[in-house]
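Have a look at the structure below, then the notes.
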Amino acid sequence: MALPQAKLDQLSARIAGLHFPSTGWQGKVRGEALERLTAMGLPGKRDEYWRYTDPTALTAPEAKAVEGRGEVAFDSIDAVKLVFVDGLFDAEASDDPSLAGVEIIRLAEAVTDIHWAGDLYGQLEAAGQKPVQRPLAAIGSAFATDGVLIRVTGAAERPVALVYRSETDASDVILHHVVRLDEGAEITLLESGDAAARLLTVMEVDVAKGARFHHVRSQGRTPDRLVATHIFARIAEGALFKSFTVAANGVLTRNEAVLDIVGDDSVAHVAGVAVGDGRDFLHDDTVFITHGAERCESRQVFKKVLKNGATGVFQGKILVKPGAQKTDGYQISQSLLLDGDSQFLAKPELEIYADDVKCSHGSTSGAIDDTALFYLRSRGVPEKAAQSLLVLAFLAEALAEIEDEAIAEDLRARLEGWLDRHDG
Amino acid sequence: MLEIKNLHVKLEEEDKVILRGVDLKVEAGKVHAIMGPNGSGKSTLSYVLSGRDGYEVTDGSATLDGEELLEMEAEERAAAGLFLAFQYPVEIPGVGNMTFLRTALNAQRKARGEDEVSAGDFLKLVREKAASLKIDADMMKRPVNVGFSGGEKKRNEILQMAVLQPRMCILDETDSGLDVDAMKLVSEGVNALRDEGRAFLVITHYQRLLDHIKPDVVHIMANGRIVQTGGPELALEVEKNGYADILAGVQ
């Protein structure tokens, strides 16, 4: 069915002038993404999937300029740093990308046919368009300014860190990354930094049998940023996928994770912590996990700390397909509202077509426990320190999802810093 | 050490008066017990002294070594040497017991202008105190009071007291929920802390705790006031005859 003219006009305005190489393998896969996009049109606030989060700023033709730059996380972590400035890879600012067992290719330079990437690019995104349409992800596949193609053939010795910098106030950046882990391979991928005034990313991750993928992301902290991210993962037999995101500030952040568990005995975890201060803050975690194999475990652990009118959104779904017996699905989304003005909107969903599964979900919002606060103070801990301790305690279950203690400590320290700065 | 004069307290949110002129003086080195029927204001007194929100002091004063307690924040009172062993110790998921204790100890030391205790010294101190209260290493690693039995929670309160070394200790129904053995252990912990520079205010319903922690002075509290003060024999009288006779005598 063709889109109404108004929708087509809106889409044309959004994609006008965007980067679109039309030749070679990229021309093919980007062309297919554009077709998907043209069939869907852009999301609107009447769409059920955008019920809590107004996508207007994300679909507007241009990004609003922002001032100020946030700091980059994971400085203390010994990683291969790949730096992107305003959405383009900066070789000079980056480390030498050679790492044993890992092949790293810049998307903008991947002109000749790279068969593994050609088979993957846009494919997981396309598969993830059902049953819910994700037009912004199709924009990411069609119009990415740059990105990386990472193939992991062994156990990577060091993490790869994608570092995003922004030098132009109104930068509007679209990135697309593809990560393929071969059988038994393992890598940790870090992402951090304020990429742009408006950032749209797609990351497709194919985790082959027995492979292990760890993803930890820190989403900058300039206050006016707009961010829409998408992770599409396919998880094979006995494989492990873990993704963790910490977000502070930002005017609108929508993080989507679409995980497709296709192999038996695999594990998929997606978790995050968001801290927001102020009426302009909106943070949305939207997760869709499909269990299509037996004896798999999935966990969603999302915690948000909201104050001064900030809004948190969580939409999380577990779909257990027929035959996906012995599925163990766990989902928890919680918010700590530090005042009466803030709000948390949650939509947990379970859809189960197998009869021997264990799935649980829980969602709560609450205030700081006054009794616990008094208990700490009565032992001599000053009020603000006691409050920080309780906030970090609230976040602990989510932070425990990070396996690497040095990385977890880096993020914990950043969160403590945030709490210090926002204690008023 | 602790001097309470004409203390009047009502609930902040409603028009309910709870303390109606409490006068009490606890000297250093002494153990005072407060007994009294339910609703007489015993626990409120302990909360007001330790700085819990929700109460309004309408008259009177409470000083610790001459310093006005009622004007201090809860944490300042702790740093000044006041400690309340809670009737219902609070569970704090996500905060490790060790982290909690160390944060508290160092915060108090910092407030008093003292150096922080090193990780090694702290560990040594806690191990020593924990051992005498039969608190094992596993309990110390767990989040504060989470999954602790009633007895473990009370022992944990006494451990905090032993580590923080307050001058003025208030024990709010520390015997509630304890079996005979646990009561003995807790009492021994308290008795080990008795010395000339430290005072105790022991709030209890029952004489049996006072068999283990021998008081110097016993007060009977009723209807928001101290209505009778005596020696240890007063507690025995309560045990034998209940409060009715005493209250009748007062009225």
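Only heavy atoms go into these numbers, but all of them, side chains included; no hydrogens, no water, no symmetry mates. All chains are named by letter (A, B, ...) in the order of the sequence lines, taking the proteins before the strands, and each is independently numbered beginning at 1.
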Identify the two heavy atoms, one from A:Gly380 and one from B:Gln108, that lie closest to each other, and give their separation to 0.1 Å. CA-CG, 3.9 Å

Side chain, backbone, both or neither of A:Leu376 within contact of chain B (heavy atoms, under 4.5 Å): both

For the pair A:Arg379 (side chain) and B:Leu84 (backbone), establish whether a donor and an acceptor sit closer than 3.5 Å, ignoring hydrogens and angles. yes

Does atom CD of B:Glu12 have more than 12 heavy-atom neighbours, drawn from other residues, nucleotides or ligands, at distances under 6.0 Å? yes

Between B:Glu75, B:Arg52, B:Glu73, the one whose heavy-atom pairs under 4.5 Å with chain A are most numerous: B:Glu75

Shortest non-hydrogen contact from B:Ala107 to A:Pro382? CB-CD, 3.8 Å

Over 12 foreign heavy atoms within 6.0 Å of CG, B:Asp136: yes

Heaviest contributor of heavy-atom pairs below 4.5 Å to chain A, chosen from B:Gly96, B:Ala80, B:Gly54, B:Gly51, is B:Gly51

State, with a plain yes or no, whether a side-chain heavy atom of B:Val144 is found less than 4.5 Å away from one of A:Tyr375. yes

For atom CD of B:Glu67, is the number of surrounding heavy atoms from other residues, nucleotides or ligands below 6.0 Å larger than 12? no

Which atoms form the tightest heavy-atom contact between B:Ala104 and A:Val381, and what is the distance? CA-CG2, 3.8 Å

With a 4.5 angstrom heavy-atom cut-off, which part of A:Glu397 approaches chain B: side chain, backbone, both or neither? neither

Around atom CZ of B:Arg127, are there more than 12 heavy atoms from other residues, nucleotides or ligands closer than 6.0 Å? no

If you take all heavy atoms of B:Ala78 and A:Ser378, which pair is closest and at what distance? CB-O, 3.4 Å

Crowded around A:Lys347 NZ? As in, over 12 foreign heavy atoms under 6.0 Å? yes

Counting only heavy atoms closer than 4.5 Å, note whether B:Asn106 contacts chain A via side chain, backbone, both or neither. neither

Near B:Glu68 CD, under 6.0 Å, is it more than 12 heavy atoms from other residues, nucleotides or ligands? yes

